[in-house]
Amino acid sequence: MTRSATTTWRRAEVVLAPVLLGLLALALWETAVVVLELRPFVVPSPTSIGAELTGNAGIIATAALSTALNAWWGLVIGVVVALVAAAVSAAVRTIDEMSAPLAAAAAVVPIVALAPVLYTMFGASTQTARVAVAAIVSFVPVYVNTLRGLRTVAPVHRDLLRAYAATRRQATLTVTLPGALPFFFSGLRVATSLAVISALVAEYFGGPVDGLGKAITSAVSSSNYPLAWAYVVGAVVVGLLFFCGSSGLERAVLHRRSQR
């Protein structure tokens with residue numbers, strides 16, 4: 001087998017392996033529901049969930065778009081604030097020591113306690129509270145990882161820049177920022193998933209009657225469990241899109257940097 005054929009096969013394996021595993025899991029799931037005669041409130045069959053997906057595709061897509069927009073804006077705000085805060089903390093040690101307890105507190109605040117408070121502050125008729133929840137949750141991993149990356153400079157690189165009498169700006173642009181990129185993207189991958197999860201969970205506790213969280217609770221309250229699972233599938237798709245987007249951005253940026 002030639003090298004190009006081997007490379008093509010390996011790339012195909014990356015796609016085929018999870019697809020085949022997913023199909024096997026769905027087949028076992030369907031078999032278990034039929035053989036064990038499981039009731040829908042325990043777990044519905046994949047075929048019934050698929051029927052709800054196809055029959056309510058437009059409604060599910062609308063709810064998914066609402067949740068995705070809240071997660072997106074929360075992610076953008078959280079990432080921007082985290083980058084600014086990490087840059088300032090890396091430059092000024094005192095600010096880092098002052099902000100460390102605040103970052104730790106933000107990391108452990110539960111969404112179930114935060115969302116109702118924010119709805120009271122911003123009102124239950126707007127999406128502001130949901131965006132704020134997603135922003136706060138997204139802030140922590142990006143801030144922590146970026147700050148660590150900004151401080152992770154190999155001593156040999158630092159000594160080399162001093163030997164060449166490089167300015168602080170030159171050192172930042174040539175060594176510090178490129179070295180912090182992998183750390184930033186590690187935090188971004190975590191933040192993308194957390195943004196979707198937090199926006200979804202925040203919808204359970206109030207706000208406008210839209211989004212996947214409200215749709216899931218509404219379907220469960222009306223005992224339409226296959227539809228509720230169909231909305232869950234919509235949430236999974238949104239999460240995968242966010243994660244794949246951040247992974248694709250990471251590959252593009254790091255690949256371009258490696259070619260310079």
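- Counting only heavy atoms from C-beta outward, the side chains of Val220 and Tyr225 approach each other to under 4.5 Å.
- No single ILVMFWY cluster, assembled from side-chain heavy atoms under 4.5 Å apart, contains both Phe243 and Val79.
- A donor-acceptor pair under 3.5 Å is formed between the side chain of Thr67 and the backbone N or O of Leu212.
- Nearest heavy atoms, Leu147 versus Ala86: CD1-O, 3.6 Å.
- At a threshold of 4.5 Å between non-hydrogen side-chain atoms, the residues Arg130 and Tyr119 count as touching.
- When the side chains of ILVMFWY residues are joined at heavy-atom separations under 4.5 Å, either directly or via intervening members, Val232 and Leu53 end up in a single hydrophobic cluster.
- Contact of the Pro141 side chain with the Leu194 side chain is registered, since non-hydrogen atoms from C-beta on lie closer than 4.5 Å.
- In plain terms, the two heavy atoms of Val43 and Trp229 that are nearest each other are CG2-CZ2, 4.3 Å.
- In terms of hydrophobic clustering, with Ile, Leu, Val, Met, Phe, Trp and Tyr side chains grouped at heavy-atom distances under 4.5 Å, Leu249 and Val142 are assigned to a common cluster.
- Considering all non-hydrogen atoms of both residues, Ser198 and Val137 come closest at CB-CG2, 3.8 Å.
- Looking at heavy atoms from C-beta onward, Phe185 lies out of side-chain contact with Ser247 at the 4.5 angstrom threshold.
- Counting heavy atoms from C-beta outward, Gln127 and Ser66 have side chains that approach closer than 4.5 Å.
- When all heavy atoms of Leu200 and Ala235 are compared, the closest pair comes out as CD2-CB, 4.0 Å.
- The two residues Ser45 and Trp29 have their closest heavy-atom pair at CA-NE1, 4.5 Å.
- Under the 4.5 Å side-chain heavy-atom criterion for ILVMFWY residues, no single connected hydrophobic cluster contains both Leu28 and Leu23.
- Leu21 belongs to no multi-residue hydrophobic cluster, having no ILVMFWY side-chain contact under 4.5 Å with any other such residue.
- Atom CD1 of Ile49 sits about 10.5 Å away from atom CG of Leu227, to the nearest 0.5 Å.
- How far CG of Leu75 is from OG of Ser138: 5.0 Å, rounded to the nearest 0.5 Å.
- A donor-acceptor pair is defined here as one N or O able to donate and one able to accept, closer than 3.5 Å; such a pair exists between the side chain of Ser221 and the backbone of Thr217.
- The cluster map of Ile, Leu, Val, Met, Phe, Trp and Tyr, joined by side-chain heavy atoms under 4.5 Å apart, puts Phe242 and Phe139 in the same cluster.
- In this structure, the side chains of Ile59 and Asn56 come closer than 4.5 Å at one or more pairs of heavy atoms.
- With hydrogens and angles ignored, the 3.5 Å screen pairs a side-chain donor or acceptor of Thr54 with a backbone N or O of Ala51.
- For the pair Phe184 and Asn145, the minimum side-chain heavy-atom distance is 4.5 Å or more.
- Other cluster members for Leu69: Leu65, joined by side-chain heavy-atom distances under 4.5 Å among Ile, Leu, Val, Met, Phe, Trp and Tyr.
- With hydrogens and angles ignored, the 3.5 Å screen pairs a side-chain donor or acceptor of Thr192 with a backbone N or O of Arg189.
- Note that the CZ atom of Phe183 and the OG1 atom of Thr146 stand 10.0 Å from one another [nearest 0.5 Å].
- Taking every heavy atom of both residues into account, Glu203 and Gly213 meet most closely at OE1-N, 2.6 Å.
- In this structure, Trp73 CH2 and Thr128 OG1 are separated by 13.0 Å, a value rounded to the nearest 0.5 Å.
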message: With side-chain hydrogen bond (donor to acceptor under 3.5 Å, both in side chains) as the criterion, how do Ser218 and Tyr231 come out once you've worked through the C-alpha distance, each side chain's angles and the decisive distance to 0.1 Å?
response: CA-CA 11 Å; Ser218 177; Tyr231 283 117; over 6 Å; no
